[in-house]
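Read through the structure below, which is laid out as structure tokens, and then see the notes.
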Amino acid sequence: MPTACRSIHLRHFFGTCSRRVLLLAFLLLPVVAAVSAEGASEDRWFKGTTHSHSFWSDGDQFPDMVVDWFKSRDYDFFSLTDHNRIMEGNRWVKLVRQRRPISEEVLQKYIDRFGADWVEVRGEGSEREVRLKTFQEIEKRFAEPGRFLLIQGEEITDRSKAPSSRCVHINALNLVKLIRPQSGDSAIETMRRDIAAADEQARQMRRPILTHVNHPNFGGYSITARDLAEVPEVRFLEICNNHNGVCHYGDKNHPSVERLWDLANTLRLIEKKVPPIYGVASDDSHNYHTKSPSRAIPGRGWIVVRARRLETRALLRAMAEGDFYSSTGVELAELDYNPRRRTLHVEVVPKPDTHYTIEFIGTPADLTLPDDKALDKTA
């Protein structure tokens, strides 16, 4: 059957568990396809995550403790993306506060890890405050050329104007300046405006800035397949987000995020004739003091990018070309596309007592599309 695109879905079956868990999704286009088998040996795989939070917004941990968590677990690159903030300026937060109070235990662990010379505390009693470290301070302490890279990011947390009032959250990576929400009259217009603001900063600063749309089913199924199809500027979508409120699996009236991704790409390829969307996995980590799977804990979703160097420009260029995969556990030993032969070679690093299924999912060039109402209710 002729296809307009190819995708690979690797799923993991845990023992007798009846639910199939999406572990990896990788989208390959023959025309942009990443790397030929001959050139793959010159590049390296780099593991990182593009969506995490700290006390700078609604996370429950100090930003340097968050960065330390990921670096100590062999991530190669990392981006903190707090809501409508970048880590700059002289910001003090109270320990005693109504929302997200900072316990003495959390503060003491922070001091124990970095020392009293690093941790700045002032005030007494209920007025005690801690200064949050900036991106520049954290980068100076943690970044190591060729070993660990920090990328400054923001989650542009937006909502379309009334009466539609739909949530639109977009991560922007490699920022210099804060991007304020650009709210439009619809989810479509809001996505366009927020991405345009990021593109304008990229032009002004002469640096690549990558944006990805987050958790489309969040906020009452705010972003539909049609919305994503109508905005060609959207090139990346979170197909795995480990926050407990994102409705990842959908319901009887709404598609899962994975299904939504397939539907949006079908519309883009068959109807709109625009490039498809690449899938990104993330933690969306907020909670660092619990191991409960019902919380937004770190370490459950990431991307692995193939690039020549561990540098921001090289990583973002590789992602733009589709040379990466997203995972919540599956590791690939080989992933090579040969554009001359139009062949794809995939090899998984196997784990004991684990069964792997690889599915190739294509969009027929002569597919008849259902109407939008049917699309939105395809669970």
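Side-chain atoms of Ser294 and Ser292 form a donor-acceptor pair, as typed in the model, at a separation below 3.5 Å. Ser54 and Asp82 share a side-chain donor-acceptor pair at under 3.5 Å. Side-chain contact annotation: Thr343 with Asn338, donor-acceptor N/O pair under 3.5 Å absent. Side-chain contact, Gln152 with Asn174: no donor N or O sits under 3.5 Å from an acceptor N or O. For the residue pair Arg159 and Ser165, a side-chain donor N or O sits within less than 3.5 Å of a side-chain acceptor on the partner. Side-chain contact annotation: Thr224 with Asp227, donor-acceptor N/O pair under 3.5 Å present. There is a side-chain donor-acceptor pair under 3.5 Å between Ser282 and Glu238. In the model, His53 has no side-chain atom that pairs as donor or acceptor with a side-chain atom of Gln61 under 3.5 Å. Using a 3.5 Å distance cut-off with no hydrogens or angles, the side chains of Ser186 and Glu189 do not pair a donor with an acceptor.
With respect to Arg226 and Glu271, a salt bridge is recorded, a charged nitrogen being found less than 4.0 Å from a carboxylate O. Ion pairing between a basic and an acidic side chain is recognised when a charged N comes within 4.0 Å of a carboxylate O; Asp43 and Arg308 show such pairing. For the pair Glu311 and Arg317, the salt-bridge criterion is not met [side-chain N within less than 4.0 Å of a carboxylate O]. Residues Glu127 and Lys94 are paired through a salt bridge, judged by an N-O separation under 4.0 Å between the basic side chain and the carboxylate. For the pair Lys109 and Glu105, the salt-bridge criterion is met [side-chain N within less than 4.0 Å of a carboxylate O]. Residues Asp68 and Arg113 are paired through a salt bridge, judged by an N-O separation under 4.0 Å between the basic side chain and the carboxylate. Checked for salt-bridge contact, Arg91 and Glu129 miss the test: no charged N lies under 4.0 Å from a carboxylate O. Look at Asp336 and Arg306 and you find a salt bridge, because one of the NZ, NE, NH1 or NH2 atoms lies within 4.0 Å of a carboxylate O, short of that distance.
Residues Phe236 and Val213 have side chains not in contact (no heavy-atom distance under 4.5 Å, counting atoms from C-beta outward). At a threshold of 4.5 Å between non-hydrogen side-chain atoms, the residues Arg300 and Pro293 count as touching. The shortest side-chain heavy-atom distance between His51 and Asn241 falls under the 4.5 Å cut-off. Side-chain contact between Val96 and Pro101 is absent, with no heavy-atom pair separated by less than 4.5 Å. In this structure the side chain of Asn171 never reaches within 4.5 angstrom of the side chain of Thr211, judged on heavy atoms. Looking at heavy atoms from C-beta onward, Ile223 lies in side-chain contact with Met191 at the 4.5 angstrom threshold. Within the 4.5 Å cutoff, no side-chain heavy atoms of Asp323 are placed close to those of Leu335. Counting heavy atoms from C-beta on, the side chains of Ile303 and Met319 come closer than 4.5 Å.
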Run the salt bridge (Lys or Arg N to Asp or Glu O under 4.0 Å) check on Arg85 and Glu155 step by step: do they pass? CA-CA 8 Å; Arg85 290 185 182 274; Glu155 183 169 14; over 6 Å; no
Steps toward side chain to side chain contact (heavy atoms under 4.5 Å, CB included) verdict (Asn217, His248): CA-CA 7 Å; Asn217 281 352; His248 183 80; over 6 Å; no
Under the salt bridge (Lys or Arg N to Asp or Glu O under 4.0 Å) rule, what do Glu154 and Arg180 come out as? Steps first, then yes or no, please. CA-CA 10 Å; Glu154 172 196 355; Arg180 300 192 182 281; over 6 Å; no
Would you sort out whether Ile188 and Leu228 count as a side chain to side chain contact (heavy atoms under 4.5 Å, CB included), showing the intermediate values? CA-CA 7 Å; Ile188 291 173; Leu228 294 167; over 6 Å; no
Start with the C-alpha gap between Ile195 and Ile156, add the side-chain angles, then the distance that decides, and say whether side chain to side chain contact (heavy atoms under 4.5 Å, CB included) holds. CA-CA 10 Å; Ile195 294 172; Ile156 306 170; over 6 Å; no
Quick one, Phe62 with Lys133, criterion side chain to side chain contact (heavy atoms under 4.5 Å, CB included). Give me CA distance, side-chain angles, the key distance, then yes/no. CA-CA 8 Å; Phe62 293 98; Lys133 299 299 183 182; over 6 Å; no
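Rounded to the nearest 0.5 angstrom, His286 NE2 and Ser57 OG are separated by 6.0 Å. Between atom OG of residue Ser103 and atom NE2 of residue His289 there is a gap of 6.5 Å, rounded to the nearest 0.5 Å. A distance of 9.5 Å separates CD1 of Ile209 from CG of Leu316, quoted to the nearest 0.5 Å. The line from CD of Glu200 to CD1 of Ile179 is 10.0 Å long, rounded to the nearest 0.5 Å. Note that CZ of Phe148 is 10.5 Å distant from CG of Asp74, once rounded to the nearest 0.5 Å.
In this structure, the ring of His215 has its center less than 6.0 angstrom from the ring center of His169. Tyr325 has its ring centre less than 6.0 Å from the ring centre of Trp45.
Looking at Trp261, its side chain does come within 3.5 Å of a backbone N or O of Ile277 through a donor-acceptor pair. With hydrogens and angles ignored, the 3.5 Å screen pairs no side-chain donor or acceptor of Gln182 with any backbone N or O of Asp194. Formation of a donor-acceptor pair under 3.5 Å by the Arg166 side chain with backbone atoms of Ser160 is not found in this model. Checked by atom type and distance alone, the side chain of Asn287 never pairs as donor or acceptor with a backbone atom of Arg295 at under 3.5 Å. Using modelled atom types, no side-chain atom of Asn84 and backbone atom of Pro181 make a donor-acceptor pair closer than 3.5 Å. Counting only distance, with no hydrogens or angles, the side chain of Ser52 and the backbone of Thr49 share no donor-acceptor pair below 3.5 Å. In this structure a side-chain-to-backbone donor-acceptor pair under 3.5 Å is missing from Thr157 to His83. Between the side chain of Arg207 and the backbone N or O of Val176 there is no donor-acceptor pair closer than 3.5 Å. Thr134 places no side-chain N or O within 3.5 Å of a backbone atom of Glu88 that could act as its donor or acceptor partner.
Each of Phe77, Phe70, Trp302, Phe78 was scored for a side-chain contact (heavy atoms from CB on, under 4.5 Å) with Lys47, with one residue passing: Trp302.
Crowding of Lys140 atom NZ: a count of heavy atoms from other residues, nucleotides or ligands under 6.0 Å not exceeding 12.
Both tests pass for Arg73 against the ring of Trp69: distance under 6.0 Å to the centre and angle within 45° of the axis. Relative to the six-membered ring of Trp118, Arg141 meets both conditions, a distance below 6.0 Å and an angle of at most 45° to the axis. A cation-pi arrangement, defined by a distance under 6.0 Å to the six-membered ring centre and an angle within 45 degrees of its axis, is absent between Lys71 and Phe142.
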